[in-house]
Amino acid sequence: MTDATHKSAFDAARGAGDTKKPSLIGRTLIYCGLVVVSFIMLYPLLWMVSSSLKPENEIFSTTSLIPQNFTLEAYRRGWNGLSVSFGWMFFNSLVISVLVVIGNLISCSMAAYAFTRLKFKGRGFWFALMLGTMMMPQHAVLIPQYLMFLKFGWVNTILPLVVPKFFAIDAFFIFLMVQFFRGIPRDLDEAAVMDGAGPLRIFLKIILPLSMPVLATAAVFSFIWTWDDFFAPLIYLNDIEKYTAQLGLRTFVDATAQSDWGALLAMSTLTVLPIFVLFVLFQRLLIEGIATTGMKR
Amino acid sequence: MSVTVTSAAKAPLSERLNNQLAGYGFLLPWLIGFFVLTLGPAVSSLYFSLTDFSLMGSPNWVGTENYFRIATDDPRFWTAMNVTFTFVLLSVPLKLMFALAVAVALDKGLRGLNWFRAIFYLPSLIGGSVAIAVLWRQIFAGDGVLNQVLAALFGYEGPSWISNPSTALYTLVMLAVWQFGSSMIIFLAGLRQIPQDMYEAASIDGASRQRQFFKITLPLLTPVIFFNGVILTIEAFKAFTAAFVISDGSGGPIDSTLFYTLYLYQEAFTNFRFGYASALAWVLVVIIAIFTALSFISAKYWVHYDD
């Protein structure tokens, strides 16, 4: 932004129509800045992937991002680096994440449907409470929840990670769906009521089929957040056979004591890979989901 | 009661009953979840916080002793507060500034917007994972990438940034700032809302670009800045994974990365002091509530609303 006078001269020449677009010099500077920032942003990730494809002695001997002696050896070492194969832990993560997606989609869409389409006493009250739970940090309920699941004999199983999601515990997704359901025209339900359809049929035949975008957004975020979750598995899963990929990776840090960076980076790359694939496939959905609801992460 | 009479006149009793049944039927999973997994545990943990409950025995009522000890006789609590507040007060403004600057740069109608947006967003999608914490450990280690680059460029032999107590926390701040992407996307959406003709009118009046930024863009964006600020602050108070992985769960070196949540975790699940940890949890709830309330109060003075 150093050459304001220069720019305004350009603007005057172009006329006042396209006011947002800077001059050629301004654009070039912004491009250069963006490219530099992008490179700094991506460098750690590129380094991770490229180091995982190098032989161990090459990781630190050169800062080049292109492996001179391409090898998958680090992946082989990492995959079998713990007493339980990483494949098994990936499977555990996948099972938990898929079940959480199913639980969230069913329970949150039901709650959102009740909040937006059904008339019953106390609806406003419950809705306000639901919004209140979004603000509440999990830490306040953590210990009693843990003790309850301990009593149920659920600790060291996937149940504490999965079952709560079937009870719409992620209020955020209810909120997301409420926003979307409100936009579906009411004429559609009213026409269906005329035809004698009950609430269940309207939910299944009208609301859900029209809500595919928001269901997909909720599903993708749900999957990614569960896949990435570290805290809940850390508390509830004790045996290495039950570990998720995230827990496995963290155990691997201790096990290798930083002596085998190649293997560690190879497994890091693998745990990020599913998220990266989802990101590439659903980029637009994710970005729109954030832009419209202001959700985080 | 007149309400019931009129609605009774409108719809037959069976239909109204059906509505109630359907409403509560669809809400049932959430209601169960709310009572069993949120309200019940919240009440219990409030009770536990007033007891000496630990793995050793059943809870005995001790009144406000836990809270008293937290405030007066727990140096690690104050360390954790110090670390957490430093983290929040550094990472949130930096993240906001980065997100805003990049969003403004991207909002110039340049080509390749989608590419840049995707690149900047990616870190905030994966940044919370263990893999990225592991990566950060490698980057800032004594023989890590950063020191390699420093040595290659300037011949400077850097220390181990993560095992040095005076720098470890700042590597975590950098990790947080690296994830500015989702705030940036919200800013971009906010920038799109600003009517184009305001800029046109301003430039006809001869307002420079800087002036337009400070007189139009920034004031109209204050609601979004506020929203992002509140969410980022709550998130920063709850940060856990990176500090846990980078410090091996200890909050070290010498408690320099002892985030509040990490201390809470240690008390609850390493030392099994459930009563004390519950009190710590409620202190965190109150701190976050105070911060949020203060933000809303301050909003009256700086957030610009149309009406």
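Naming: A, B, ... by sequence-line order, numbering from 1 per chain. Atom set for the values below is all heavy atoms of this structure, side chains included, hydrogens, waters and symmetry mates excluded. Note that the coordinates shown come from a computational prediction; the quantities given were computed from them, not determined experimentally.
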Closest approach of [X] and [Y], non-hydrogen atoms and distance?
X	Y	value
A:Val141	B:Ala42	CG1-N, 3.7 Å
B:Trp30	A:Ala168	CD1-O, 3.5 Å
A:Ala140	B:Ser45	O-OG, 2.6 Å
A:Ile169	B:Gly33	CD1-O, 4.0 Å
A:Leu264	B:Gln138	CD2-NE2, 3.6 Å
B:Pro29	A:Met110	CG-CE, 3.8 Å

Margin query: Using the rule side-chain contact (heavy atoms from CB on, under 4.5 Å), only one of A:Leu42, A:Leu34, A:Val37 pairs with B:Ile119; which is it?
Written below: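 With B:Ile119 as partner, A:Leu42, A:Leu34, A:Val37 yield a single side-chain contact (heavy atoms from CB on, under 4.5 Å), made by A:Leu42.
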
Are [X] and [Y] close enough that some pair of their side-chain heavy atoms sits under 4.5 Å apart?
X	Y	value
B:Leu135	A:Trp47	yes
B:Ile126	A:Leu45	yes
A:Leu129	B:Phe34	yes
A:Phe115	B:Phe26	no
B:Val36	A:Phe167	no
A:Trp261	B:Arg137	no
B:Phe53	A:Ile143	no
B:Phe244	A:Arg250	yes

Is it the backbone or the side chain of [X] that comes under 4.5 Å from a heavy atom of chain A, or both, or neither?
X	answer
B:Ile288	side chain
B:Trp136	side chain
B:Phe180	side chain
B:Phe35	side chain
B:Leu21	neither
B:Phe213	neither
B:Leu28	neither

Note to self: Counting only heavy atoms from other residues, nucleotides and ligands, does the tally under 6.0 Å from OH of A:Tyr236 exceed 12?
What the structure shows: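 More than 12 heavy atoms, drawn from other residues, nucleotides or ligands, come within 6.0 Å of this atom.
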
A:Phe276 atom CZ: more than 12 heavy-atom contacts under 6.0 Å: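 Check fails, neighbour count at 12 or below.
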
Would you mind checking which part of [X] comes under 4.5 Å of any heavy atom in chain B, side chain (CB onward), backbone (N, CA, C, O), both or neither?
X	answer
A:Phe166	backbone
A:Phe149	side chain
A:Trp126	both
A:Met148	side chain

Backbone N or O of [Y] within a donor-acceptor pair of the [X] side chain at under 3.5 Å?
X	Y	value
A:Gln246	B:Val130	yes
A:Gln283	B:Ala118	no
A:Tyr146	B:Phe269	no

Which value, rounded to the nearest 0.5 Å, describes the distance between [X] atom [atom1] and [Y] atom [atom2]?
X	Y	atom1	atom2	answer
B:Thr241	A:Leu234	OG1	CG	9.0 Å
B:Leu122	A:Leu286	CG	CG	10.5 Å
B:Ser44	A:Gln145	OG	CD	10.0 Å
A:Thr133	B:Leu37	OG1	CG	11.5 Å
B:Asn18	A:Leu118	CG	CG	11.0 Å
A:Arg284	B:Arg117	CZ	CZ	6.5 Å

side-chain contact (heavy atoms from CB on, under 4.5 Å) assessment of A:Lys119 paired with B:Gln20: CA-CA 7 Å; A:Lys119 291 193 184 75; B:Gln20 302 293 326; over 6 Å; no

Taking every non-hydrogen pair under 4.5 Å, which of [options] racks up the most with chain B?
options	result
A:Thr269, A:Leu270, A:Leu249, A:Ile174	A:Leu249
A:Leu147, A:Val280, A:Leu265	A:Leu147
A:Pro164, A:Gly33, A:Pro199, A:Pro44	A:Pro44
A:Ser51, A:Ala245, A:Ser107, A:Ser38	A:Ser38
A:Val272, A:Thr271, A:Ile235	A:Ile235

Trace of the side-chain contact (heavy atoms from CB on, under 4.5 Å) decision for B:Asn19 with A:Phe120
CA-CA 6 Å; B:Asn19 279 339; A:Phe120 54 95; 5.8 Å; no

| task | Evaluate the ring planes of B:Phe240 and A:Phe231, with Trp represented by its six-membered ring, and classify them as parallel (under 30°), tilted (30 to 60°) or perpendicular (over 60°). | result |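 Because their plane-to-plane angle is over 60°, the rings of B:Phe240 and A:Phe231 count as perpendicular.
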
Chain A contacts, top residue of B:Pro123, B:Ser129, B:Ala281 (heavy-atom pairs, under 4.5 Å)
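The option with the most such pairs is B:Ser129.
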
At a heavy-atom distance under 4.5 Å, which candidate from B:Trp282, B:Phe274, B:Trp178 has the highest pair count against chain A?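 So the answer, after comparing B:Trp282, B:Phe274, B:Trp178, is B:Trp178.
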
